[in-house]
2 protein chains.
Amino acid sequence: MAPAQLRPPTMADVARRAGVSHQTVSRVLGDHPNVRDETRARVLRAIEEMGYRRNSSARALVTRRTRTLGVVASDTTLYGPASTLFALEEAARAEGYLVSTVSLRRLTVDTLSEALDHLGGGGVEGVVAIAPQRSAVEALAELRHRFPVVTVGSGPGVGIPGVNVDQQLGARLATGHLLAAGHRTVWHLAGPEDWQEAADRAAGWRATLEAAGVEPPMTLRGDWSPLSGYRAGQELAGWVGRGLTAVFVANDQMALGVLRALREAGVRTPQDVAVAGFDDIPESEFFAPPLTTVRQDFSAVGKRSIALLLDMIEGREPAGVPRIAIEPQLVVRASTFPYASGQGAAPT
Amino acid sequence: MAPAQLRPPTMADVARRAGVSHQTVSRVLGDHPNVRDETRARVLRAIEEMGYRRNSSARALVTRRTRTLGVVASDTTLYGPASTLFALEEAARAEGYLVSTVSLRRLTVDTLSEALDHLGGGGVEGVVAIAPQRSAVEALAELRHRFPVVTVGSGPGVGIPGVNVDQQLGARLATGHLLAAGHRTVWHLAGPEDWQEAADRAAGWRATLEAAGVEPPMTLRGDWSPLSGYRAGQELAGWVGRGLTAVFVANDQMALGVLRALREAGVRTPQDVAVAGFDDIPESEFFAPPLTTVRQDFSAVGKRSIALLLDMIEGREPAGVPRIAIEPQLVVRASTFPYASGQGAAPT
DNA sequence: GAGGTCATTGTGAGCGCTAACAATTCATGC
DNA sequence: GCATGAATTGTTAGCGCTCACAATGACCTC
């Protein structure tokens, strides 16, 4: 048995074994048309026998294509960002790209800039930034980089190409659903001020009420966490019997806290107060009661983002700044309508 | 103003501008000691002025180091894998490495093999596989690859280097806590059979009971989802009054389903039945009632995994197959002890 | 002032690949 | 039989960088 090779075989090694030039090997690997079948077979056999793999660095050096994309994200343990990340990677892989991720604890000019540097230093051809906070988008707009950047979740009307779920539409669906169920008005527990998605959801809620000729009640604000929802829920409980019969909560986790606070205050859901959330996290179907919420198509967001980014990389960037919107979907469960899905919406 | 460069500047461009050889530029960038301060400053200025960045592909080609690690994972929207992923990326970045992720919908020999190929084709120097399923680990053991692989979550006693939270210990903590609270026995809702973590948690539960001289009751099994927990909870409700007073559920999501099923059956938690979970997902503090559970230190898992992988890459692989264990921690809340968190205890 | 040492800088080769072009082979038509 | 062109294969030149080594010059030492 031959001694184990210290270095992995190169194209030249394969060529020697197959009795051809290294360029012919390159042609076989590159699916070039003008290679005789017999030659191709011989080369493929040599490749197989030697366990040859092309050296990606050498390839990247000469082609100037690393076939790697970057993603910058934060809060990646939350359902939304994690789902987006998953969808992005899957879409990129389908296009033959590798995805390098940087997960930040906080999105600031500094951390973002460092992340882009880190990714750029690794040779990514483009970056998707999951940047749901306005400050992050502003930071992004300031930063210089040598590769195209696409944002996700930064909302419409920003000077950077991006893909978004139509948050306003989602909020209109939820709020409209509550109004249609007979509620005179709908309260709102909003997300953090700096988040574009929070602003859009609040705007959609407000617009729906105003279109129905209803004066929007005061807005409460949380930080997406169940705890902040719980606190807001305690406050909301104080308004029961004084016009509060329905609440649209800006995400499911806060809705969980609201539900608990209401329950502890002796307020029944949905009989006394109806509650709707946003996100459709897997748990929300099992809240007490199961939560009406808005589902987002993350897979579509991933595919569209990657397609847009690749367009920009290939220089196919269309005129103007592309802003793509994806439609969300209302999921009705027992928290807004006692008969929505039988006994607790539980499959039997 | 000069016309925008088509190609980014190279080391030679910088050298020309600074009036030195390209090698001196390389030395400055490589922090070589023997460069005159004045020269270094001149080079750095030229780099700054031209916005020069080293070409990572060229560097990788000659150094044979891509400074990229790969991660293979599945179920990345779940709290555990997402947290692990986050910790891995953060640890790798601290070491100057880029992390390329492949997120699989299902871990099989084929998908795993494809994922390793994809990562290998991108030139990763090593891979961390988040492979909590036994079948995945077996597949991994079969596969040939040209880079070191470290597993996370595949449990102890596997012939592949890996890092794990001590699941048995976590289960002993939870089960022991319930026994100490006065319960005569503890039931168990286990995770999917194929998951090593599920097996370890079940083993820890069983061992604790046997050590206390208690015959373990029959084991129920779910698939980690709240729905499966709900179904198991309905079955468990039938055993209340016949010796069932405490349940150790293998993860928090299933525990959520159990809580709901018990509540719907008129069984109070924790007065009638105490429930403990595993994972400490952020929501579990806001379940009804707040859930006693076991917290894992994902950050430690990430750091240790990356350190181990880098050791192997550097050829510092120690004798034997390293299996590193991380200690989990019990978090006691109202679901096992009515006075644990005061006003969060039970709906009034 | 010859020889030696050290710090500093430059030169040349080559990592493994693809692209451009050159060379060879082969079939075809007259 | 030979020109013609298409199909097939080989040759050469980098891509931008790091490494090994050579060259230069400053500074000592005796």
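So that the names make sense, note that chain A is the first sequence line, chain B the second, and so on, each numbered from 1.
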Here the distance between atom C1' of C:dA19 and atom CG of A:Leu29, to the nearest Å, is 16 Å

Looking for any heavy atom pair under 4.0 Å, which part of the strands does B:Arg27 touch: base, sugar-phosphate only, or nothing?
base

For A:Arg42 and for A:His22, find the nucleotide of DNA chain D with the closest heavy atom, then tell me which residue's nucleotide is more 5'.
A:Arg42

Closest to the A:Arg36 side chain, choosing from C:dC17, C:dG16, D:dT9:
D:dT9

Would you mind reading off the distance between A:Asn55 atom CG and D:dC17 atom P, rounded to a whole angstrom?
17 Å

How many whole angstroms separate atom CG of A:Asp13 from atom C1' of C:dC17?
13 Å

Side-chain donor or acceptor of A:Asn55 paired with backbone N/O of A:Ala58 under 3.5 Å
yes

Is the backbone N or O of A:Gln133 less than 3.5 Å from a side-chain atom of A:Asp194, with the two atoms forming a donor-acceptor pair by type?
no

Among C:dT18, C:dC17, C:dC15, the nucleotide that comes nearest once only the side chain of A:Ser26 is considered:
C:dT18

The side chain of A:Arg7 is closest to which nucleotide in this list: C:dG16, D:dG16, D:dT18?
C:dG16

Would you check if the side chain of A:Arg93 reaches a backbone N or O of B:Ser103 as a donor-acceptor pair within less than 3.5 Å?
yes

By the 4.0 Å heavy-atom rule, please label B:Thr24 as base, sugar-phosphate, or nothing.
sugar-phosphate

Pick base, sugar-phosphate or nothing for B:Asn34, based on heavy-atom distances below 4.0 Å to the nucleic acid.
base

Do we see a donor-acceptor contact under 3.5 Å between the side chains of A:Ser57 and B:Ser57?
no

Taking D:dG10, D:dT12, C:dC15 as options, the one with an atom nearest any side-chain atom of A:Val20 is D:dG10

Nearest heavy-atom approach of A:Thr66 to A:Glu125 is N-OE2, 2.8 Å

Taken to the nearest whole Å, CZ/B:Arg65 to C1'/D:dG16 is 20 Å

Send over the distance from A:Met11 CE to C:dG14 C1', rounded to a whole Å.
17 Å

When you check the phosphate oxygens OP1 and OP2 of C:dG16, does a side-chain N or O of A:Arg54 lie under 4.0 Å from one of them?
no

When you measure from the side-chain N and O atoms of A:Thr63 to the phosphate of C:dT18, is any distance below 4.0 Å, counting only OP1 and OP2?
no

Would you indicate what B:Thr39 reaches in the nucleic acid, counting non-hydrogen atoms under 4.0 angstrom: base, sugar-phosphate, or nothing?
sugar-phosphate

In whole angstrom, what separates A:Leu61's CG from C:dG14's P?
17 Å

Can you tell me the distance, in whole Å, between the NE2 atom of A:His32 and the P atom of C:dA19?
7 Å

Can you tell me how far P of D:dC19 sits from CZ of B:Arg64, to the nearest Å?
12 Å

Between A:Gln196 and A:Gly153, is there a donor-acceptor pair closer than 3.5 Å when you use the side chain of the first and the backbone of the second?
no

Does D:dG10 have OP1 or OP2 under 4.0 Å away from a side-chain N or O of A:Ser21?
yes

Between C:dG16, D:dA20, D:dT11, which one does the side chain of B:Gln23 approach most closely?
D:dA20

